[in-house]
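For reference, the structure discussed in these notes is given below.
Whatever order the structure lists ligands and atoms in, that order sets their numbers, starting from 1. Values reported hereafter were calculated over all heavy atoms of this structure, with side chains retained and with hydrogens, waters and symmetry mates removed.
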Amino acid sequence: MLLGGRIPLAAAATCVVALQSAQRSLTSVIFAIDDTYTEGEHFNDYTGFMERASGHLPASESSAPAEALQRLVVDRVTLRYPGRPLPAVDDVSLTIEAGQTVAFVGENGSGKSTLAAVIAGLREATSGAVTWNGRPLADYDPDDVGARIAVVSQDFHQWPFSAATNIALGDMRGEPDVDRLEAAAARAVAHDMILDLPYGYDTLLDRTFANGQDLSGGQWQRITAARGFYRTADLLVMDEPSSALDPRAEDALFQAIRDRHGVATTILITHRLANVRHADRIYVLHLGRLVESGTHDELLAAAGRYAELFTLQASGYHG
Ligand SMILES: Nc1ncnc2c1ncn2[C@@H]1O[C@H](COP(=O)(O)OP(=O)(O)O)[C@@H](O)[C@H]1O
Ligand SMILES: [Mg+2]
């Protein structure tokens, strides 16, 4: 058409530019549609995940209000993780009375954390039951019984909030209370450390924010323990709460745990056996099974697995 003189050169050039621009726009639209589709798929994944996750929550048939803990019974509890040939917790039975401090000890992978999670209602046993004052945990309103249990798990969460909020997350009912926050932090040996931060309790614990601050593993562990103390729970589960603490902080934390004795109930999981001597009862797990239980003195006299582990550590400290 150009050669035939039917359209002038300028018009032909404009036409080419217009066509190219239209093509580019079309490509952008196609990419945008593709992006939207992909995002939609992600959203589907997300909603599907949330649906599946809610299916894993312990079923609650009724919703009786949970009274203060008097006795907690673990009755032949077994938990199998999907795809694992051996149960993580294998036919474990034990009784914890209100006010007691009990310890779960055993080597890595012996089932301590899993058993604690079942007791705290965070995982459902494959078989067997946990009863709270004689009624299965599942009979209670999960929020209600959950409010009576605090768990300081070994894989702690570092929330990008202020130090105060990080601790207050331990009890989301009601507004954070400054006195309670500071008392919980003091018990977890976190109070002075927080005061030393640039903005004290208001310091943002995330370096990606302006004026934010990152903490060391041991400092995070103190914040996490404070979160556990902040909830006035009948039952406090402390799963390896001192693994990253220096000896002085560790000693103070265990003193705070001992202070709960007779006042509230504590399940303590730790490898520092010197700190479980005071426990009312020590449960020794091995490959998911409860292999020994008793007081420190009873277990030493029994000269079994606990005595072996304890002697090994004691010789490490003194020898
Ligand atoms: N989420 C999980 N999925 C599959 N297996 C797990 C999971 N958590 C723990 N286990 C397995 O269950 C067993 C007990 O683990 P755990 O309760 O964490 O022991 P402990 O706290 O005594 O170290 C181990 O063999 C571990 O590998
Ligand atoms: Mg563990």
Students should be able to answer this: which protein heavy-atom is nearest to [atom], and at what distance?
atom	result
atom 22 (O) of ligand 1	Lys112 NZ, 2.8 Å
atom 9 (C) of ligand 1	Tyr81 CE1, 3.4 Å
atom 14 (C) of ligand 1	Gly109 O, 3.5 Å
atom 17 (O) of ligand 1	Thr114 OG1, 2.4 Å
atom 27 (O) of ligand 1	Arg84 NH1, 3.1 Å

Could you list all the side-chain hydrogen bond (donor to acceptor under 3.5 Å, both in side chains) pairs where at least one residue sits in residues 17-30, not counting sequence neighbours?
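Sorted pair list comes back empty.
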
Do any heavy atoms of [X] fall under 4.0 Å from ligand 1?
X	value
Ser110	yes
Glu240	no
Arg123	yes

Could you check whether any side-chain N or O of Arg148 sits under 3.5 Å from a backbone N or O of Ala66, counting only pairs where one atom can act as donor and the other as acceptor?
yes

If the threshold is 4.0 Å, N to carboxylate O, is there a salt bridge linking Arg281 and Glu97?
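Salt bridge flag = no for Glu97 with Arg281.
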
Pairing of Arg180 and Asp171 as salt bridge, 4.0 angstrom limit
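So Arg180 pairs with Asp171 through a salt bridge.
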
N/O of Asn108 under 3.5 Å from N/O of ligand 1, yes or no?
no

Metal environment of the Mg ion (ligand 2), protein N/O/S under 2.8 Å
Ser113 OG, Gln154 OE1

Parallel, tilted or perpendicular: which fits the ring planes of Trp132 and Tyr140, with parallel below 30° and perpendicular above 60°?
perpendicular

Aromatic ring pairing His157/Trp159, orientation class (parallel under 30°, perpendicular over 60°, tilted between):
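Answer is tilted, since the angle falls between 30° and 60°.
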
Which is closest to atom 21 (O) of ligand 1 in terms of heavy atoms, Ser113, Gly111, Ala88?
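Answer by nearest heavy atom: Ser113.
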
Between Arg260 and Leu235, what is the shortest heavy-atom contact and its length?
NH2-C, 4.1 Å

Check for me whether the distance between the ring centres of Phe310 and His296 falls short of 6.0 Å.
yes

So, Arg258 and Gln255: side-chain donor and acceptor under 3.5 Å apart, yes or no?
yes

Indicate every side-chain donor-acceptor pair of residues 32-45 with a distance under 3.5 Å to a residue at least two apart or in another chain.
| unit_1 | atom_1 | unit_2 | atom_2 | d |
| --- | --- | --- | --- | --- |
| Thr36 | OG1 | Ala32 | O | 2.6 |
| Thr38 | OG1 | Asp34 | O | 2.8 |

Looking at Glu107, which atoms of ligand 1 are within less than 4.0 Å of one of its heavy atoms?
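Per the distance check, 22 (O).
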
May I have the list of side-chain donor-acceptor pairs in residues 79-92 shorter than 3.5 Å, sequence neighbours left out?
| unit_1 | atom_1 | unit_2 | atom_2 | d |
| --- | --- | --- | --- | --- |
| Tyr81 | OH | Thr114 | OG1 | 2.9 |
| Tyr81 | OH | Arg123 | NE | 3.4 |
| Asp90 | OD2 | Arg289 | NE | 3.2 |
| Asp91 | OD1 | Arg76 | NE | 2.9 |
| Asp91 | OD1 | Arg76 | NH2 | 3.4 |
| Asp91 | OD2 | Arg76 | NH2 | 3.0 |

